[in-house]
Each structure stands twice: as structure tokens, then as C-alpha cells.
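To find a chain, count down the sequence lines: A is the first, B the second, and so on, and within it residues start at 1. Values below: every heavy atom of this structure, side chains too, minus hydrogens, waters and symmetry copies.
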Amino acid sequence: EKKRKEELDKQKKVQLAKDLNDKERDKIIHSVEFTKFIDYSTKVALRALNETYDIITNYSESADLDSGDED
Amino acid sequence: EKKRKEELDKQKKVQLAKDLNDKERDKIIHSVEFTKFIDYSTKVALRALNETYDIITNYSESADLDSGDED
Amino acid sequence: MASLELEEILKPLIANPHVLGVLVANKEGSVIKTTLDAVITKLYADKLTKYLEMTQKMIQEIDEPDAPQKNELTFLRIRSKKHEIMISPDVTEHKYMLMVLQNPERKTESGKDRI
Amino acid sequence: MASLELEEILKPLIANPHVLGVLVANKEGSVIKTTLDAVITKLYADKLTKYLEMTQKMIQEIDEPDAPQKNELTFLRIRSKKHEIMISPDVTEHKYMLMVLQNPERKTESGKDRI
């Protein structure tokens, strides 16, 4: 029962994620750790975006394509 | 309390996923729905595998690369 | 389809040099086909079946509640330092999943394996 | 780094024609930057923060318990009929996440959108 309450509290905490005010947001944005994170993660996402990503679109459900070029 | 018990039961059920015997496995493997599924999903996975997927390897954590070729 | 045919279909996946393992399971986590050892197979079948269910649920939760067409998961890639897990769910019937475990390192001739 | 610089860094992502939205949040789900509307932002920040945490947990659960190096999530792609969600987690500090929502349809001139 106690564990369940803790879980609910935890859930509540996430659901009530606080809105950052401008000052708090600025502090994060100016931090070294955030700068590193955003710089790196943006590059990773860009790379992923620029992949030729067309794995699903070309198949119909009957899937009559040859079995892919499995190098 | 009842809900929690249901959750536990559900969890238990998944944890005790039954081992299929040869006959049960054969029945699945011969079904039309499984055939469709495995044919299609294998092709999707092969396509994903054959993508140039190199989004993370080339970055060091200091991320001193140019900001990607954003077409 | 004979079991031999299942082998044939999965062959290009299993033979791929980047693939570490292939696992086919039903939505209860019962194993239909695996190339992984018994302990890993059991662990992955259990955890990934549950994870796939949670993912499907999450996709529904963030969908517009009044959308004329419901959204559905079609493919999942979970990349980690040690490997990449690709999951191809059964979009039509939601009964099965195909899991492919692959080496996340590609095209590295030298030993750079820091992410 | 000024907020203007954050804009500069995210610009190529936001400007990408396939990108429907970009969301940066901390691990509590508090929004640091978003291009999505307020309702969607709140929903996505909440649900994806939780989902990311579950994913991290799952990755640890399937890792070898006695491994010298712990495994960690590095990238996540959730493809669905309506869109693809890409999540770039904060691998070092686990404090933030970058979420990119993209159109799953690419290179289709005609209207084939059945998967």
C-alpha cells in the first residue's frame, strides 16, 4: 500500500512538471552541461534525419518486393 | 486493491510466458497471419539494417564536427 | 509455410554480419524462433514484450483522442552503447513481434567506440 | 550560451522540411524549448519523459548484471503510422532530452501511404 502511494506521488510529480520561468530556463540554457547536451544531441538527430529512411513506405502489405539487398 | 491485484496477475502472466511445444509452434508458423507478419516484418528489418546507420559513431563527446549536412 | 520456409525467410537477417541475434515471439512472450541462447532469449522475450505493449499504449496516449484513424506503432529502434534493438511489430493483428539485435558499430575501421 | 544561440543550434532541425516539431525538456518533463503548441507540448513532455525513463530502465534490466561497463540508451526512434518520434537523450548526465517529431513519409511522389 505504501509502495503504491509512493508510485502515485511519483506519477503526480511528473504530471505536475513545473513550468520553468524565464530565469530558470536561462540558467539551464547557459549551463555547460546543457550546452554540451544540446550541441551533441542536435547533431545526432540531424544525422538520423538525413539518413535515407524509407523502410516502410515502399511495401504493400502483400509485400511482393524482392527480399532486400542484404549485402 | 483489486486493480493492483489485476496488475500483479497480468505481470505474472507475462513473466510465466508459456513455452510452446512443437505442435503449438508449428500451428502458429503455418498460419496465414503469421506468414504475412514474418514476411513483412523481416523485409522491414532488412531494409532498416541496410540503411547507412552511422549516426552516433562519428562523434566524440566534445562534438567538434560541423553541424551536419542539413540539405 | 513449413518451418524450413521460416528459416529461409529469416536467413538474410540471421546471415547479416551486423546481426547478433534474431528473436520471434508472440504477444505473451512465448518464443517462436530464436538464435540467442536460452537465458537471453527468455529475458528479452519477457522484457521486450512488455516494453512493446507500453510503447503501443504510449503511442495511443499521445494520439489525438478524436482522430478518425487511430495511430499505431510500425517500427522501433532502441540504440544503446552495447547494441541496437530493432522491433518490427505485428501491425495488423498485434500478435507477434520480430526482434533483431544488432551491433551498433558500423563502418569503423579503427577502434573508436566511444559514442 | 544565450537563448539566441540555442535557436541557432536547433535551426537546421527546425528548418528541416520533414520535421514537424522539436521539443527540449528536462527529466522532470519541464519544457526548455518547444516549437509545438502548448497542449501537445505538455502531453509529449509528460508522456515521453516517462517513456524515456522506462526505456532506460528496460535497457538496464536486459544488460548482463555483472558487466564491467553498464549499458546506456543513446538514441530512440519510435515510428508509427502518423509520425516518427526521435529521442536523443542526455547520455552523460541524464538530465535532458531532445525530441524531434518527423513525418514518416519520405520520397513518395504518389499518394501511397498504406504501410
Side-chain angles (χ1 to χ4, degrees), chain C residues 20-21 23 29 36-37 39-92 99 101-106 113-115, chain D residues 20-21 23 29 36-37 39-92 99 101-106 113-115:
Chain C
L20 305 170
L23 170 64
L36 296 161
D37 75 49
V39 176
I40 301 280
T41 293
K42 176 98 184 73
L43 184 66
Y44 276 48
D46 279 359
K47 301 292 181 188
L48 291 175
T49 305
K50 279 187 221 168
Y51 182 72
L52 187 62
E53 204 183 316
M54 289 193 306
T55 305
Q56 298 270 24
K57 208 179 132 215
M58 187 275 289
I59 287 290
Q60 309 288 343
E61 282 173 355
I62 61 170
D63 198 17
E64 300 130 87
D66 51 352
Q69 200 205 351
K70 278 214 151 212
N71 199 8
E72 285 201 70
L73 182 72
T74 55
F75 201 66
L76 193 56
R77 304 178 88 150
I78 309 148
R79 183 131 173 178
S80 65
K81 286 193 178 174
K82 295 187 185 174
H83 44 60
E84 183 183 31
I85 295 168
M86 304 197 306
I87 301 178
S88 220
D90 179 8
V91 182
T92 320
M99 190 281 292
L101 190 68
Q102 81 154 309
N103 195 328
E105 298 296 326
R106 289 281 194 100
D113 58 7
R114 49 194 304 214
I115 78 127
Chain D
L20 305 171
L23 171 64
L36 296 161
D37 74 50
V39 176
I40 301 281
T41 293
K42 176 98 184 71
L43 185 67
Y44 276 49
D46 279 0
K47 301 291 181 189
L48 291 175
T49 304
K50 279 187 220 168
Y51 182 72
L52 188 63
E53 204 183 316
M54 289 193 306
T55 305
Q56 298 271 23
K57 209 179 132 214
M58 186 274 289
I59 288 290
Q60 308 289 344
E61 282 173 355
I62 62 170
D63 199 17
E64 302 130 87
D66 50 352
Q69 199 204 351
K70 278 214 152 213
N71 199 9
E72 285 199 72
L73 183 71
T74 56
F75 201 65
L76 193 56
R77 305 178 87 149
I78 309 147
R79 183 129 173 182
S80 65
K81 286 192 178 175
K82 294 187 185 174
H83 44 59
E84 183 183 29
I85 295 168
M86 304 196 306
I87 301 178
S88 220
D90 178 9
V91 182
T92 320
M99 191 280 293
L101 190 69
Q102 82 154 309
N103 195 328
E105 299 297 326
R106 290 279 194 100
D113 58 6
R114 50 191 305 212
I115 77 129

Problem set entry | Ile40(C), part contacting chain D, at a heavy-atom distance under 4.5 Å |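 Neither part.
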
Problem set entry | Per-residue contact mode, Ile59(C) against chain D (heavy atom under 4.5 angstrom) | side chain

Exercise. With only heavy atoms counted, which part of Leu48(D) is less than 4.5 Å from chain C, the side chain, the backbone, both or neither?
Worked result: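 Contact with chain C is through the side chain of Leu48(D) alone.
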
For this session: Examine whether an atom of Glu64(D) lies under 4.5 Å from a heavy atom of chain C, and if so say whether it belongs to the side chain, the backbone or both; otherwise answer neither.
Result: side chain

Exercise. Which one of Ile78(C), Ile62(C), Leu76(C) has the most heavy-atom pairs closer than 4.5 Å to chain D?
Worked result: Ile62(C)

Problem set entry | Distance-only side-chain donor-acceptor flag, Tyr51(C) / Tyr51(D), under 3.5 Å |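 There is such a pair between these side chains.
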
Is a side-chain donor or acceptor of [X] paired with a backbone partner of [Y] at a separation under 3.5 angstrom?
{"X": "Lys50(C)", "Y": "Met58(D)", "value": "no"}
{"X": "Asp63(D)", "Y": "Asn71(D)", "value": "yes"}
{"X": "Asn103(D)", "Y": "Leu20(D)", "value": "no"}

For this session: Kindly indicate whether the side chain of Arg77(D), heavy atoms from C-beta on, has any atom under 4.5 Å from the side chain of Gln102(D).
Result: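 Yes. Closest side-chain heavy atoms under 4.5 Å.
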
